Amino acid sequence: AESHTLSDQSSIQFHLKISVKEETKKNENRYSWLSWQYIYVVSEINLIWILSIPHAVSNFDNLIEWAPQTDGSWKPSNVDKVTIKGIDAQLSANILKTQNTLTLSHIKARNDKTGKQLARRPHFNANYDISYLADNWSLTLNLNYQGKRRDSNGTQLRSRTLANIGLNYEVNEQLTF
């Protein structure tokens, strides 16, 4: 890991951290991360930017994939070998009393035997979270976008966006609604 810091009296800081990690698990799944982290801090207005871009590769033997049947039921089937490769970009910023995170993902989940993308797994996903923090409550909005994908019979499924809204109230340290 490497880190660079640039600072002056106006309390502006810049950090760049680059790290590489690779490991293999017992079940032969291989993971590797290459990530950059850019942090920009201006303490007077509580502004913090963090950019992280990890890369991962996973190999699976005997992955179970569920598919719909003509009678409406779902049935599992075995996919012998699968390789999943992906890259994420995440940008986080604390601006005044809000926490903001945007995550973009590009994932290729392929059956090694056929070379086809696994069913119902989009190539592109995006997720945005914003939380407003007050004394003992918070308001959160989450938007999740999933790109187009194909079903097991080859039918193209439309992209979709899901929105979630949450309100939390902290009564005390042990109890939050």
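Keep in mind that what you see is a predicted model, and the values were worked out from it rather than measured. Side-chain atoms are counted along with the backbone in the values below, which use heavy atoms only and exclude waters and symmetry mates.
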Are any non-hydrogen side-chain atoms of Arg121 and Ile107 less than 4.5 angstrom apart? no
Are Tyr169 and Leu133 joined in one hydrophobic group, where the rule is that I, L, V, M, F, W and Y side chains link up if heavy atoms are under 4.5 Å apart? no
Starting at OH of Tyr132, measure out to CG of Leu141 and round the result to the nearest 0.5 Å. 15.5 Å
Quick one: does Asn144's side chain get under 4.5 Å of Thr161's, heavy atoms only? no
State, yes or no, whether a side-chain contact exists between Thr101 and Gln90 at a heavy-atom distance under 4.5 Å. yes
State yes or no: do Trp66 and Phe60 share one hydrophobic cluster built from I, L, V, M, F, W and Y residues joined by side-chain heavy-atom distances below 4.5 Å, directly or via other members? no
Only one of Lys108, Gln146, Arg149, Lys148 passes side-chain contact (heavy atoms from CB on, under 4.5 Å) with His123, and that residue is Lys108
Going by atom types only, do Thr83 and Asp112 share a side-chain donor-acceptor pair under 3.5 Å? yes
Within the side chain of Asp151, is there an N or O that forms a donor-acceptor pair under 3.5 Å with the backbone of Asn153? no
Could you walk me through whether Phe124 and Tyr145 pass the side chain to side chain contact (heavy atoms under 4.5 Å, CB included) check? CA-CA 8 Å; Phe124 179 74; Tyr145 171 83; 3.6 Å; yes
With a cut-off of 6.0 Å (strictly less than), are more than 12 heavy atoms of other residues, nucleotides or ligands near CG of Asp135? no
Atom pair OG (Ser138) and CG (Leu167), whose distance is rounded to the nearest 0.5 Å: 7.0 Å
Rounded to the nearest 0.5 Å, how far apart are CG of Leu175 and CD of Glu170? 9.0 Å
Can you get from Leu102 to Ile130 by hopping between Ile, Leu, Val, Met, Phe, Trp and Tyr side chains that sit under 4.5 Å apart? yes
Is the backbone of Trp74 close enough, under 3.5 Å, to the side chain of Gln69 for a donor and an acceptor to pair up by distance? no
From Asn94 CG over to Gln99 CD, what is the distance, rounded to the nearest 0.5 angstrom? 5.0 Å
Which atom names give the shortest non-hydrogen contact between Gly147 and Pro122, and what distance separates them? O-CB, 3.4 Å
Keeping the roles fixed (side chain from Arg160, backbone from Arg158), state whether a donor-acceptor pair exists under 3.5 Å. no
Kindly write out the residues that satisfy side-chain contact (heavy atoms from CB on, under 4.5 Å) with Asn164, not counting sequence neighbours, or none if the list is empty. Asn142, Leu162
Please check this pair: side chain of Glu65 against backbone of Leu118, looking for a donor-acceptor N/O pair closer than 3.5 Å. no
Between Leu139 and Trp137, does a side chain to side chain contact (heavy atoms under 4.5 Å, CB included) hold up when you go through it step by step? CA-CA 7 Å; Leu139 178 64; Trp137 64 273; 3.9 Å; yes
Ile87 side, atom CD1; Ser105 side, atom OG - distance, nearest 0.5 Å: 10.0 Å
Looking at Ile165, I want to see if its CD1 is surrounded by more than 12 non-hydrogen atoms of other residues, nucleotides or ligands under 6.0 Å. no
To the nearest 0.5 Å, what is the distance between CG on Leu91 and CG on Leu104? 9.0 Å
